[in-house]
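Notes follow once the structure below has been shown.
Position 1 is the first residue of the sequence, and the numbers go up from there.
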Amino acid sequence: MVDIMKMFKARMWMKRNVPFLYSWHAYVGYELNLFKAFERGVTVADVADAYQIDEILLNQWMSVGVSIGHLKPMSRNRYKTGAMWKLPRPKDESSSGVILKEMMELHIPSLLAYPDMMRNKTRNHFDADKHADTVAQTSRFLEVIALPKISKLLKGNTKQLVLDIGCGEGGYIKRLAERFPDSKFKGIEISDSVAKTAMKLTQSLDNVSIDQANLWEYDPETSYDLILLNNIIHYVPPEKRQELFLRLSDWLSEGGVLSVVTPISGGEESPPFVAAFNSFFHSFENLYSLPEKEQLEQWGIGANLTSIGIQTIIREGSWYVIQYKKTSR
């Protein structure tokens, strides 16, 4: 009976991990651009030869793809990508595959390191040079959802000065600058490679400028009507977060607005991904815990900022946009 129960539990865990195959298969297909390769129906040997990759491993990847429906068998040993709309687009096409890339190369390895970190009482170190570009690309998807909420702050107001802190590749302020040509936008980004990408992507816009700069060393030449702080708080130690809000409040003009996009630490009723996301941040010595709603309220009060609303962006990840207005002292 004991052996039967062990086998039952083993089968249960195997069934629970079947969904992981979909993510793994999609990630490999995105990373090697294989869904594009099989778009018209070709043989495994032809793709292996054209892409100069291991044919045996490609054949195994193809077998998994057929079993889960990502690929469809055709005549003469050919295979074709199925359900293209479900699968990540190729690289450099604003693909959801970059989320899989971040998950597979950053999140999952960090979570799998938990046993060793617990035993040794150690933490990983987040390598910004290695992962900054990927993280910047995943931020684009949040930006698309948050954009309408930010646009409302600019509608009807001409010649606003906007500062985007940690602007990433500049996609966010690029969209805003195109929509509001009378306003001026400044982006600062600590990563040199990401800042250069932002400069390249926004070089055609006269109302956008990008600086490679550290938030704590930056000294603005003017005050701003709107400051954007997207996905930055988890890079800031908890003991410095009130100081961060005070600093940003000083950069705001009277009546100016601070808009913060961040995941928020949830409770027991929150989606499981929220707790896993927070666990990921705790696994690094140079990344920090997600803020709580109450903390965000207190930091605003402490910086003489009045909360003007909080809205959900992505419920599964507990992402929110929180906005504050600078009030008279």
Side-chain angles (χ1 to χ4, degrees), residues 7 9-116 124-141 169 191 193-194 196-197 200 273 276-277 280 283 316:
M7 177 57 68
K9 288 181 180 179
R11 292 182 64 188
M12 177 188 70
W13 284 112
M14 289 179 69
K15 288 180 179 179
R16 286 187 175 182
N17 279 279
V18 168
F20 178 77
L21 293 177
Y22 291 81
S23 298
W24 169 79
H25 191 268
Y27 161 69
V28 175
Y30 165 77
E31 189 66 15
L32 297 178
N33 204 19
L34 295 177
F35 295 123
K36 183 71 174 178
F38 283 97
E39 188 174 27
R40 296 182 180 276
V42 293
T43 67
V44 169
D46 285 342
V47 173
D49 181 61
Y51 282 59
Q52 289 296 291
I53 55 179
D54 190 296
E55 184 176 343
I56 293 176
L57 294 181
L58 177 60
N59 193 66
Q60 295 308 305
W61 177 85
M62 177 276 299
S63 297
V64 175
V66 170
S67 69
I68 62 178
H70 286 179
L71 295 171
K72 298 187 296 185
M74 302 177 68
S75 61
R76 303 196 303 274
N77 293 321
R78 294 176 301 141
Y79 298 88
K80 182 178 181 179
T81 302
M84 283 289 291
W85 66 274
K86 291 183 179 180
L87 300 172
R89 297 168 63 87
K91 291 183 178 181
D92 302 321
E93 292 188 17
S94 189
S95 175
S96 59
V98 73
I99 294 178
L100 288 168
K101 182 179 179 69
E102 181 176 318
M103 181 175 70
M104 291 293 183
E105 297 182 4
L106 185 56
H107 290 254
I108 289 178
S110 299
L111 295 176
L112 289 177
Y114 253 64
D116 283 339
N124 294 324
H125 183 84
F126 178 74
D127 187 345
D129 291 337
K130 182 178 180 180
H131 298 295
D133 292 295
T134 298
V135 172
Q137 291 177 52
T138 58
S139 295
R140 291 179 183 175
F141 294 95
E169 295 183 339
S191 167
S193 63
V194 175
K196 287 178 179 176
T197 300
K200 182 178 179 180
F273 186 79
F277 202 33
F280 162 76
S283 73
E316 291 80 2

Listed by chain and number, what are the side chain to side chain contact (heavy atoms under 4.5 Å, CB included) partners of [X], not counting sequence neighbours?
| X | result |
| --- | --- |
| N59 | V44, M62, S63 |
| S23 | L100, M103, M104 |
| S67 | V64 |
| R76 | R78 |

Considering only distance and modelled atom types, tabulate donor-acceptor pairs under 3.5 Å from the side chains of residues 106-114, sequence neighbours left out.
unit_1, atom_1, unit_2, atom_2, d
H107, NE2, E102, OE2, 2.8
S110, OG, L106, O, 2.7
Y114, OH, S279, O, 2.8

Say you draw a straight line from [atom1] of [X] to [atom2] of [Y]; how long is it, rounded to the nearest 0.5 Å?
| X | Y | atom1 | atom2 | result |
| --- | --- | --- | --- | --- |
| W24 | I68 | CH2 | CD1 | 8.5 Å |
| T81 | R40 | OG1 | CZ | 11.5 Å |
| L34 | Y79 | CG | OH | 14.5 Å |
| F277 | F280 | CZ | CZ | 7.0 Å |

Centroid-centroid distance, W13 to F20, less than 6.0 Å: no
Just to verify, what does [X] make a side chain to side chain donor-acceptor pair (under 3.5 Å) with, not counting sequence neighbours?
| X | result |
| --- | --- |
| N17 | none |
| H70 | H25 |
| Y22 | none |

Residues in salt bridge (Lys or Arg N to Asp or Glu O under 4.0 Å) contact with K196, at least two apart in sequence or another chain: D192
Closest contact, heavy atoms only, P88 versus Y30: CG-CB, 4.0 Å
Side-chain (T197) to main-chain (E169) donor-acceptor, under 3.5 angstrom: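 No; judged by distance alone, with no hydrogens or angles, the pair does not exist.
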Side-chain atoms of residues 46-53: list all donor-acceptor pairs with protein atoms under 3.5 Å, sequence neighbours left out, distances to 0.1 Å.
unit_1, atom_1, unit_2, atom_2, d
D46, OD2, T43, OG1, 3.1
Y51, OH, N33, O, 3.4
Q52, NE2, D49, O, 2.8

Of all pairs that satisfy salt bridge (Lys or Arg N to Asp or Glu O under 4.0 Å), the ones with a partner from residues 17-32, not counting sequence neighbours: E31-K91, E31-K101
Ring pair (Phe, Tyr, Trp, His ring centres under 6.0 Å) between Y27 and W61, intermediate numbers included: CA-CA 11 Å; Y27 161 69; W61 177 85; over 10 Å; no
